[in-house]
J.: 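Mind looking over this structure? Questions follow.
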Amino acid sequence: MRQKLTAAQWTILVLGIGLMISLMANIYLYQQRNAPLPDLRGTYCTDASMGLGTYLIFDGQGRFCRYTQTEGVLDDGTYEELGEGRYALRSQEGRSFCVLQDRDGVYLFDGEENSVSFFPKLKEFGTAYMLFAIPGEWPEWLKHPV
């Protein structure tokens, strides 16, 4: 004959299952939080839906370019990794920026304009950077070999 569970046994069972679910969720969140950040190399854009946003390209070798499709290249220069997803950018004109990377994109801190902009990564293009037709000249390092 089968023995029925008492209320105390049901309570212990439910609490045990809840504890196991909580433990699994905490392990998952811990792994997500401590996973390494994705490669910085690629193209980021503030508003890629209409092509009216500002684009930010990192080549993975210490160079960056910020441009719009209407104004052309705004800044071109080098960046240095400071650790933990932080980067210092210096344009050729001497202008400085700071970048903080997260899993979905980068935050660009512009000290001269006192602004912060979020640039989501254009994921469908992976780690390669992409170029659009813009007015003016591209930086030499972005030009494709002939």
Side-chain angles (χ1 to χ4, degrees), residues 5 8-146:
L5 294 176
Q9 290 172 327
W10 273 109
T11 303
I12 291 173
L13 181 64
V14 169
L15 287 175
I17 291 172
L19 182 62
M20 293 302 287
I21 291 171
S22 174
L23 180 63
M24 288 187 293
N26 281 316
I27 290 172
Y28 172 78
L29 291 173
Y30 178 80
Q31 288 175 339
Q32 290 288 30
R33 183 170 188 251
N34 293 317
L37 290 171
D39 187 20
L40 181 66
R41 182 176 189 256
T43 304
Y44 301 80
C45 183
T46 56
D47 182 15
S49 62
M50 299 296 289
L52 301 175
T54 302
Y55 292 82
L56 187 58
I57 297 176
F58 294 98
D59 74 342
Q61 298 176 6
R63 294 180 296 238
F64 82 96
C65 178
R66 188 172 69 104
Y67 72 93
T68 66
Q69 291 185 29
T70 56
E71 299 174 51
V73 175
L74 303 173
D75 296 289
D76 170 39
T78 60
Y79 68 89
E80 175 185 358
E81 184 174 3
L82 303 175
E84 298 178 0
R86 297 175 296 132
Y87 298 86
L89 283 63
R90 167 94 46 200
S91 72
Q92 289 183 349
E93 294 80 30
R95 192 165 176 197
S96 297
F97 302 94
C98 292
V99 165
L100 179 63
Q101 181 185 19
D102 74 2
R103 302 204 188 299
D104 299 320
V106 295
Y107 292 91
L108 179 73
F109 297 87
D110 186 346
E112 288 185 18
E113 294 182 7
N114 291 327
S115 65
V116 177
S117 302
F118 180 66
F119 288 76
K121 189 165 191 175
L122 300 178
K123 295 181 186 298
E124 63 269 15
F125 296 98
T127 58
Y129 48 85
M130 55 188 204
L131 309 172
F132 296 100
I134 65 167
E137 287 290 316
W138 284 104
E140 195 62 38
W141 62 272
L142 277 174
K143 294 183 179 173
H144 293 288
V146 179

J.: Does Asp76 come within less than 4.0 Å of Arg66, counting only side-chain N to carboxylate O?
T.: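 Looking at Asp76 and Arg66, the cut-off is not met.
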J.: Between Phe64 and Tyr79 (judged by ring centroids, cut-off 6.0 Å), do the two rings come close enough to count as a pair?
T.: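 They do not qualify: ring centres at least 6.0 Å apart.
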J.: Please check: side-chain N/O of Asp59 versus main-chain N/O of Gly62, any donor-acceptor pairing under 3.5 Å?
T.: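 Flag set: sc Asp59 to bb Gly62 pair under 3.5 Å.
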J.: Walk me through it: do Leu56 and Tyr67 pass the test side-chain contact (heavy atoms from CB on, under 4.5 Å)?
T.: CA-CA 7 Å; Leu56 187 58; Tyr67 72 93; over 6 Å; no
J.: Examine distances only and state if a side-chain atom of Thr68 and a backbone atom of Thr54 form a donor-acceptor pair shorter than 3.5 Å.
T.: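 Checked: no pair found.
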J.: Taking atom CD as the centre, does Glu84 end up with more than 12 heavy-atom neighbours from other residues, nucleotides or ligands that are less than 6.0 angstrom away?
T.: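 No, because the 6.0 Å sphere around CD of Glu84 holds 12 heavy atoms or fewer from other groups.
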J.: Can you list every salt bridge (Lys or Arg N to Asp or Glu O under 4.0 Å) pair that touches residues 98-107, not counting sequence neighbours?
T.: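 Residue pairs passing salt bridge (Lys or Arg N to Asp or Glu O under 4.0 Å), neighbours aside: none found.
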J.: Could you walk me through whether Asp75 and Arg95 pass the side-chain contact (heavy atoms from CB on, under 4.5 Å) check?
T.: CA-CA 8 Å; Asp75 296 289; Arg95 192 165 176 197; 3.9 Å; yes
J.: Under the side-chain contact (heavy atoms from CB on, under 4.5 Å) rule, what do Cys98 and Leu89 come out as? Steps first, then yes or no, please.
T.: CA-CA 6 Å; Cys98 292; Leu89 283 63; over 6 Å; no
J.: Nearest 0.5 angstrom please: Ile12 CD1 to Ile17 CD1, how far?
T.: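 The CD1 atom of Ile12 sits 12.5 Å away from the CD1 atom of Ile17.
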J.: Quick one: OG1 on Thr43 to OH on Tyr55, what's the gap to the nearest 0.5 Å?
T.: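 Between Thr43 OG1 and Tyr55 OH, I get 9.0 Å after rounding to 0.5 Å.
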J.: Work out which heavy atom in Gly53 is nearest to a heavy atom in Thr46; give both atom names and the distance.
T.: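 Nearest heavy atoms, Gly53 then Thr46: CA-OG1, 3.3 Å.
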J.: Assess the pair Tyr44 and Phe58: is the distance between their ring centroids shorter than 6.0 Å?
T.: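 Yes, the ring of Tyr44 comes within the 6.0 Å limit of the ring of Phe58, centre to centre.
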J.: Of the non-hydrogen atoms in Val73 and Pro139, which two are nearest, and what is the gap between them?
T.: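 Minimum heavy-atom separation between Val73 and Pro139: CG2-CD, 3.9 Å.
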J.: Does either side chain, that of Arg90 or that of Ser96, offer a donor lying less than 3.5 Å from an acceptor on the other one?
T.: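 Yes.
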J.: Return the CZ to CD distance between Arg86 and Gln101, rounded to the nearest 0.5 Å.
T.: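 Going from CZ on Arg86 over to CD on Gln101, the span is 12.5 Å.
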J.: Does Asp110 use its side chain to pair, donor to acceptor, with the backbone of Asn114 at less than 3.5 Å?
T.: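 Looks like no, no N/O pair under 3.5 Å.
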J.: Please report the interatomic distance CD(Gln92) to OG1(Thr78), rounded to the nearest 0.5 Å.
T.: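 Output value for this atom pair is 8.5 Å.
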J.: As an exercise, state the distance from CG of Leu108 to OG of Ser115, rounded to the nearest 0.5 Å.
T.: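 It is 7.0 Å, given to the nearest 0.5 Å.
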J.: Ring-plane angle category for Phe118 and Tyr107, please: parallel below 30°, perpendicular beyond 60°, tilted otherwise.
T.: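 Correct class here is tilted.
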J.: As an exercise, state the distance from CD of Glu112 to OG of Ser91, rounded to the nearest 0.5 Å.
T.: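 Going from the CD atom of Glu112 to the OG atom of Ser91 covers 7.5 Å.
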